[in-house]
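Presented below is the structure to which this report refers.
Counting starts at 1 for both ligands and their atoms, following the listed order.
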Amino acid sequence: MTETKLREDICRLARSMFERGLSFVASGNISARLDEGWMMSPSGSTIGDLDPARLSKLDKDGAHVGGDKPTKESFLHVAMYEEREATGAVVHLHSTHSVAVSCLADIDPKNVLPPITAYYVMRVGTLPLVPYFPPGDMDLARAVREMASDHHAVLLANHGPVVAGTSLMDAVCAIEELEETAKLFLMLQNMNTRFLTPAQVADLERRFPS
Ligand SMILES: [Zn+2]
């Protein structure tokens, strides 16, 4: 894929998420891998209105080499790329339902959401909770990095999800599946619910290995 096409795809998919209420002014960020580094939404930008020509370019060491200054949350993206070789794109959102779930007191920090649907199991699977740290705290970067080696999707406590994919479309589909599942999970609170059984989850993992 050419860099021009990748720039256009980042802006198109970001705008689509923004227009459907998955991100708000100056929240959420998106990135994609280049041969020589990464391309990322700029600091303070609204992902509904990104300019393909002004996306931030980082080299393989994470240094800013072109476009506007990268998002202050660039370390979340870099942690995923460095810990997961197959990562082609990363999306981070402050999407309402996922953030709400990240604030619940009684969730399992090893795996926050139950297997509600087959597509959630196939696109996200296990979702660990990263403990709360203030924005920019390097302990947050360290905690994400530790979990990223085993998980392509993590949920930051009282903050939001970070999801890596093999491509931009793959990362966007996975984070949207996560947000919709968080919404379903909240809708089902205090209702007698039938989740997928461990045997049904194991069957999906066999049929659709990640
Ligand atoms: Zn954030």
Side-chain angles (χ1 to χ4, degrees), residues 10-11 13-33 38-50 54-58 62 64 67-84 87-104 107 109 112-113 123-124 127-149 151-165 168 170-183 185-186:
I10 288 175
C11 299
L13 289 168
R15 180 180 299 115
S16 162
M17 287 190 287
F18 181 85
E19 286 175 348
R20 286 175 297 118
L22 290 157
S23 161
F24 318 97
V25 175
S27 88
N29 28 74
I30 181 167
S31 68
R33 190 192 285 277
W38 306 287
M39 200 133 57
M40 217 167 267
S41 46
S43 174
S45 62
T46 295
I47 70 164
D49 192 26
L50 294 175
R54 293 178 61 178
L55 293 175
S56 315
K57 216 168 159 176
L58 274 64
H64 178 211
D68 289 354
K69 238 174 83 186
T71 165
K72 286 186 222 44
E73 296 186 309
S74 63
F75 66 91
L76 298 174
H77 298 248
V78 173
M80 280 291 181
Y81 288 114
E82 290 186 346
E83 296 299 321
R84 306 185 64 81
T87 298
V90 177
V91 182
H92 166 54
L93 297 174
H94 300 169
S95 45
T96 309
H97 301 92
S98 304
V99 178
V101 168
S102 84
C103 303
L104 293 177
I107 44 175
V112 175
L113 289 168
R123 290 191 168 133
V124 178
L127 181 71
L129 186 74
V130 177
Y132 173 79
F133 294 102
D137 190 314
M138 287 327 283
D139 284 339
L140 177 58
R142 228 183 328 267
V144 169
R145 198 172 277 275
E146 272 169 24
M147 289 187 189
S149 51
H151 301 282
H152 73 286
V154 300
L155 184 61
L156 313 183
N158 303 71
H159 184 163
V162 183
V163 177
L168 269 172
D170 186 38
V172 169
C173 285
I175 204 162
E176 293 202 12
E177 196 70 42
L178 195 166
E179 172 65 10
E180 288 305 306
T181 304
K183 186 175 175 181
F185 180 65
L186 295 169

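Taking all atoms of both residues into account, the shortest heavy-atom contact from Ile107 to Leu104 is CG1-O, 3.4 Å.
With no hydrogens or angles considered, no side-chain donor-acceptor pair links Glu83 and Ser149 at under 3.5 Å.
Residue Glu82 holds its CD atom at 4.5 Å from CZ of Arg145, rounded to the nearest 0.5 Å.
With sequence neighbours excluded, no residue forms a side-chain hydrogen bond (donor to acceptor under 3.5 Å, both in side chains) with Glu180. Under the rule for a side-chain hydrogen bond (donor to acceptor under 3.5 Å, both in side chains), the partners of Arg54 that lie at least two apart in sequence or sit in another chain are Asp68. By the side-chain hydrogen bond (donor to acceptor under 3.5 Å, both in side chains) test, Thr71 pairs with Asn29, sequence neighbours left out.
Around the Zn ion (ligand 1), the protein atoms of type N, O or S found under 2.8 Å away are Glu73 OE1, Glu73 OE2, His92 NE2, His94 NE2, His159 NE2, listed by chain and number.
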